[in-house]
Amino acid sequence: RAAPSPAGGALLVALERTAVMAPSRWFYYLSSGAVSLARLRTALGDNLRAVLKGYLVSLPSKAELEDLLRSAGEIEVLSLGSRPVQFWTRSPERLGDASSGRFWALQQRLGAPSAAYAAEEVQEKHVLLAVSEAFSVVHGVSRLRRVELEEKVPCCFTEEAQPLQGLPGELLGATFFMLEGTSHANSQPGRFTVVASVLAVVYALDVIDPHNKDGMLYKKGFEALGWERVSAPQLRLQPLSVPTPNAELKPWSLQVGCWRRSLAPGVPLEVPHGSGLVGSVALSAAVPAGAA
């Protein structure tokens, strides 16, 4: 069925949900044209799967693509007249053995069933990429924005973004779910509900006050979750509202604490917090999707 895109792009079709907790999948045509499977493996990993900003991006298997081409008439728009279109799949010719460099491809012709054949991975063919949510996070009725964590990434509210610096290596590339709005609009106690479709690591980040300089102002409850503490002595939030006369930032910042725990696929996790949270949760795949 036709469906809106989760993150922009040339959306073709979305499959209906088939079971409780089973995420919808969207399929995108790679508009750059035909590419070799070897090039795709460089981009997505040897298993042709990768997690990007909390979405699982993968090349469909032979069975998945056959089912899609059989059930989704919208894809026939890719065929021009009687000219067939060739699509890659991630299925090796010999089941479970990609060493031969030969993978199944499907030929699609307007008005005809698809036909499967094996091809060398150096050949160029068209690509349909399957996209589904690797991580889903909700926070009451609040809207959340996905941000890839990197040095000096904006944090922690969309309308009060301040640079986060000193990230430990394991946080780089994780998907951070930033609360939309201001700190005042998100000042009430609440809880995040997290679900992953892959084995994941969940991180809870919040401004902390280890020396109690501000009383209970920065005691929001993440430290009471019982999760493993991440060693991040340089992790800090740099305020933007205190420029010196020469427009440089004052050399002070707010310390940020980080805690982690693993999360099995399909198991909802509740992450409660107190009022005045200055932080959120972030997730990363426990094993890179391309290596699974």
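Keep in mind that the numbers below use all heavy atoms, side chains included, and drop hydrogens, waters and symmetry copies.
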Could you walk me through whether C258 and L235 satisfy the side chain to side chain contact (heavy atoms under 4.5 Å, CB included) test, starting with their C-alpha distance in whole Å, then the side-chain angles of each, then the deciding distance to 0.1 Å, before giving a yes or no? CA-CA 9 Å; C258 181; L235 184 57; 4.1 Å; yes

For residues 134-144, the side-chain hydrogen bond (donor to acceptor under 3.5 Å, both in side chains) pairs (sequence neighbours left out) are E133-S136, H139-S142, H139-H273

Within-4.5 Å side-chain heavy-atom neighbours: L65 and L128: yes

Side chains of Q107 and Q86: is there a donor and an acceptor less than 3.5 Å apart? yes

Nearest atoms (heavy-atom pairs only) where S284 meets F135: C-CZ, 3.6 Å

Contact summary for S36 and E124, nearest pair of heavy atoms: N-CG, 3.7 Å

How long is the gap from CG on L277 to CZ on F157, to the nearest 0.5 Å? 6.0 Å

Return the CZ to CG distance between R146 and L283, rounded to the nearest 0.5 Å. 9.5 Å

V281 side chain reached by Y203 side chain, heavy atoms, under 4.5 Å: no

Hydrophobic cluster membership, with links at side-chain heavy-atom distances under 4.5 Å among I/L/V/M/F/W/Y: are L179 and V138 in one? no

Counterpart residues, salt bridge (charged side-chain N to carboxylate O under 4.0 Å, His left out), relative to R145 (two or more places apart): E180

Short question: side chain of S91, backbone of S61 - any donor-acceptor pair under 3.5 Å? no

Atom CZ in F87, atom OG in S114: separation rounded to 0.5 Å? 10.0 Å

Show your reasoning for whether side chain to side chain contact (heavy atoms under 4.5 Å, CB included) applies to L68 and F27. CA-CA 9 Å; L68 179 67; F27 287 83; 3.5 Å; yes

Non-hydrogen side-chain atoms of C155 and Q162 separated by less than 4.5 Å: no

Which value, rounded to the nearest 0.5 Å, describes the distance between T175 atom OG1 and L144 atom CG? 12.5 Å

Sub-4.5 Å side-chain heavy-atom contact between T89 and L106: yes

Exam field: side chain E151 to backbone G166, donor-acceptor pair closer than 3.5 Å: yes

Is there side-chain contact between L263 and V201, with at least one heavy-atom pair below 4.5 Å? no

Distance, nearest 0.5 Å, that separates CD1 of I208 from CZ of R236: 8.5 Å

Applying salt bridge (charged side-chain N to carboxylate O under 4.0 Å, His left out), run through R25 and E64 and close with a yes or a no. CA-CA 11 Å; R25 286 188 302 168; E64 290 170 338; 3.4 Å; yes

A quick test of your reading: do over 12 heavy atoms of other residues, nucleotides or ligands sit less than 6.0 Å from CZ of R229? yes

Take V35 and L30, measure what side chain to side chain contact (heavy atoms under 4.5 Å, CB included) needs, and give me the verdict at the end. CA-CA 9 Å; V35 297; L30 192 62; 4.1 Å; yes

Rounded to the nearest 0.5 Å, what separation is found between the CG atom of L149 and the CE atom of M178? 9.0 Å

Listed partners of R261 passing side chain to side chain donor-acceptor pair (under 3.5 Å), at least two apart: none

Listed partners of E120 passing salt bridge (charged side-chain N to carboxylate O under 4.0 Å, His left out), at least two apart: R102

If the threshold is 4.0 Å, N to carboxylate O, is there a salt bridge linking R260 and E228? yes

I'd like to check the side chain to side chain donor-acceptor pair (under 3.5 Å) partners of Q234; sequence neighbours left out, ordered by chain and number. none

All side chain to side chain donor-acceptor pair (under 3.5 Å) counterparts of S231, not counting sequence neighbours: none

Does any part of the side chain of L37, heavy atoms only, come nearer than 4.5 Å to the side chain of V122, both counted from C-beta? no

Kindly write out the residues that satisfy side chain to side chain contact (heavy atoms under 4.5 Å, CB included) with S280, not counting sequence neighbours, or none if the list is empty. F176, F177, F192

Who are the salt bridge (charged side-chain N to carboxylate O under 4.0 Å, His left out) partners of E160, not counting sequence neighbours? none

Whether W88 side chain and A34 backbone form a donor-acceptor pair below 3.5 Å: no

Shortest non-hydrogen contact between V195 and G266, atoms and distance: CG1-CA, 4.3 Å

Measure from the side-chain N and O atoms of R90 to the backbone N and O of L48, and report whether any donor-acceptor pair falls under 3.5 Å. no

Could you walk me through whether R49 and L56 pass the side chain to side chain contact (heavy atoms under 4.5 Å, CB included) check? CA-CA 7 Å; R49 302 168 73 240; L56 179 61; 3.4 Å; yes

Write out all pairs satisfying salt bridge (charged side-chain N to carboxylate O under 4.0 Å, His left out) with one or both partners inside residues 185-203, taking only residues at least two apart or from two chains. R191-E270

Could you pull out all residues at least two apart from S100 that satisfy side chain to side chain donor-acceptor pair (under 3.5 Å)? none

Do the side chains of V202 and W259 get nearer than 4.5 Å, heavy atoms only? no

Any side-chain heavy atom of Y28 sitting closer than 4.5 Å to one from V127? no

Nearest heavy-atom contact between A264 and L199 is CA-CD1, 4.1 Å

I need the minimum non-hydrogen distance between D46 and R41, along with the two atoms involved. O-NE, 3.7 Å

Salt bridge (charged side-chain N to carboxylate O under 4.0 Å, His left out) against K62, all qualifying residues, sequence neighbours excluded: E66

When every non-hydrogen atom of F222 is compared with those of A204, the smallest separation belongs to CD1-CB, 3.6 Å

Under 4.5 Å between side-chain heavy atoms, counting indirect links through other Ile/Leu/Val/Met/Phe/Trp/Tyr residues: same cluster for W104 and L44 or not? no

Does E159 have any side chain to side chain contact (heavy atoms under 4.5 Å, CB included) partners at least two apart in sequence or in another chain, and if so, which? T182

